[in-house]
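Here the structure is laid out as structure tokens; the discussion comes afterwards.
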Amino acid sequence: MKYNSKGEITGKRAIVRYADDFVCFCETKEDAEIVRELLSKWLTQRGLSLSEEKTHIVHLTEGLNFLSFNIRHYPAPQTAKTGWKLLIKPSKEAVQELRQKLYDQWKMAQGTNVQSVLTKLNPIIRGWANYYRTAVAKEIFGQLDQWMQHKAIHYTKRLHPNKSAKWRHRKYWGQLHLDRFGLLGVWRQAKWRLSAQV
């Protein structure tokens with residue numbers, strides 16, 4: 001890759017690598033095929049080979065998944081000079097995996113106290129929020145926020161079946177609650193901390 005004095009890529013190709021996974025960005029499909037052949041020869045000399053299952057040539061308008069991120073060009077005729085905008089989001093598979101992990105934790109939390117629930121959920125939520133803090137994730141975070149609110153309300157109903165919704169809200173989400181955030185706030189706390197760091 002070639003760079004200018006500002007550290008910007010000036011060449012026709014760009015490579016992003018993490019461990020043994022990498023993505024090569026090219027200007028044309030023909031150039032991508034040439035790069036695949038070059039890489040295949042280079043790896044063969046070192047006793048390695050490209051995985052046929054993982055190696056694909058795709059256009060950015062179709063999108064690709066890399067390290068649980070989805071990289072894709074979206075049409076933006078009114079806001080971008082080129083008419084396209086590159087957005088990097090959490091992949092659908094990563095979101096589904098997180099929801100399943102959180103669902104399992106909520107299921108195991110039935111009958112336990114709030115502190116033990118928070119102890120299990122906090123590391124998962126903070127870790128996921130930290131990993132995707134650089135991605136375009138506002139919409140996905142909002143959807144997960146609503147889903148977590150639903151699960152938290154369901155949990156408090158099971159914990160206090162004979163209490164009213166107002167009583168439960170006052171106990172776990174009320175203004176005078178010492179923790180202030182209660183159950184639902186774990187997700188929002190993580191997001192607010194991230195925005196403060198940026």
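Annotation: the span from Arg168 atom CZ to His160 atom NE2 amounts to 8.5 Å, rounded to 0.5 Å. Distance NZ/Lys29 to CD1/Ile57: 7.0 Å, rounded to 0.5 Å. With rounding to the nearest 0.5 Å, the separation of CG in Leu102 from CH2 in Trp128 is 9.5 Å. Considering CZ of Arg36 and CD1 of Ile34, their distance stands at 12.0 Å, rounded to 0.5 Å. The line from CG of Leu64 to CG of Asn70 is 7.0 Å long, rounded to the nearest 0.5 Å. Separating the CD atom in Gln143 from the CZ atom in Arg99 is a distance of 8.0 Å, to the nearest 0.5 Å.
Side-chain atoms of Tyr132 come within 3.5 Å of backbone N or O of Ser68 as a donor-acceptor pair. Looking only at distances, a side-chain donor or acceptor of Arg72 sits under 3.5 Å from a matching main-chain atom of Thr61. Checked by atom type and distance alone, the side chain of Asn130 pairs as donor or acceptor with a backbone atom of Arg126 at under 3.5 Å.
Between Trp106 and Tyr155, the ring planes lie tilted relative to each other; the angle falls in the 30° to 60° range.
Atom CD of Glu97 sits in a sparse spot, with 12 or fewer heavy atoms from other residues, nucleotides or ligands closer than 6.0 Å. Annotation: Arg158, atom CZ; neighbour count of heavy atoms from other residues, nucleotides and ligands within 6.0 Å does not exceed 12. Atom CD of Glu139 is surrounded by 12 or fewer heavy atoms from other residues, nucleotides or ligands within 6.0 Å.
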Task: side chain to side chain contact (heavy atoms under 4.5 Å, CB included) between Val114 and Leu159, worked out - done: CA-CA 9 Å; Val114 173; Leu159 201 61; 4.3 Å; yes

Open item on the list: With side chain to side chain contact (heavy atoms under 4.5 Å, CB included) as the criterion, how do Thr156 and Lys171 come out once you've worked through the C-alpha distance, each side chain's angles and the decisive distance to 0.1 Å?
Closed with: CA-CA 10 Å; Thr156 57; Lys171 180 172 175 61; over 6 Å; no

Open item on the list: What verdict does the side chain to side chain contact (heavy atoms under 4.5 Å, CB included) test give for Cys24 and Ile15, after you've listed the backbone C-alpha separation in whole Å, the side-chain angles of each residue and the deciding distance to 0.1 Å?
Closed with: CA-CA 4 Å; Cys24 185; Ile15 294 177; 3.9 Å; yes

Open item on the list: Using side chain to side chain contact (heavy atoms under 4.5 Å, CB included), reason through Met148 and Leu121 one step at a time and then give a plain yes or no.
Closed with: CA-CA 10 Å; Met148 283 291 284; Leu121 293 176; 4.1 Å; yes

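For the pair Ala129 and Phe141, the tightest heavy-atom approach, listed with the atom from each and the gap, is CA-CZ, 3.9 Å. Closest heavy-atom contact between Leu118 and Pro123: O-CD, 4.3 Å. Taking every heavy atom of both residues into account, Ala32 and Cys26 meet most closely at CA-SG, 3.8 Å.
In terms of hydrophobic clustering, with Ile, Leu, Val, Met, Phe, Trp and Tyr side chains grouped at heavy-atom distances under 4.5 Å, Val136 and Leu60 are assigned to different clusters. Tyr74 and Val58 fall into different hydrophobic clusters, where Ile, Leu, Val, Met, Phe, Trp and Tyr residues are linked whenever their side-chain heavy atoms come under 4.5 Å apart, directly or through other members. Under the 4.5 Å side-chain heavy-atom criterion for Ile, Leu, Val, Met, Phe, Trp and Tyr, Ile140 and Ile124 are members of the same hydrophobic cluster. Under a hydrophobic-cluster definition in which Ile, Leu, Val, Met, Phe, Trp and Tyr are linked whenever side-chain heavy atoms come within less than 4.5 Å, directly or via other members, Phe22 and Leu38 are assigned to different clusters. One hydrophobic cluster, built from ILVMFWY side chains closer than 4.5 Å, holds both Ile71 and Leu67.
Side chains of Asp31 and Thr28: no donor on one and acceptor on the other come within 3.5 Å.
Contact annotation: the side chain of Val16 never approaches that of Tyr18 to less than 4.5 Å [non-hydrogen atoms, C-beta and beyond]. Taking 4.5 Å as the limit, some side-chain heavy atom of Lys166 sits within range of a side-chain heavy atom of Arg170. Residues Phe66 and Ile88 form no side-chain contact, since every pair of their non-hydrogen atoms from C-beta on lies 4.5 Å or further apart. In this structure, the side chains of Trp84 and Pro75 come closer than 4.5 Å at one or more pairs of heavy atoms.
Each of Lys107, Gln100, Lys101 was compared with Asp104 under the side chain to side chain donor-acceptor pair (under 3.5 Å) criterion, and only Gln100 meets it.
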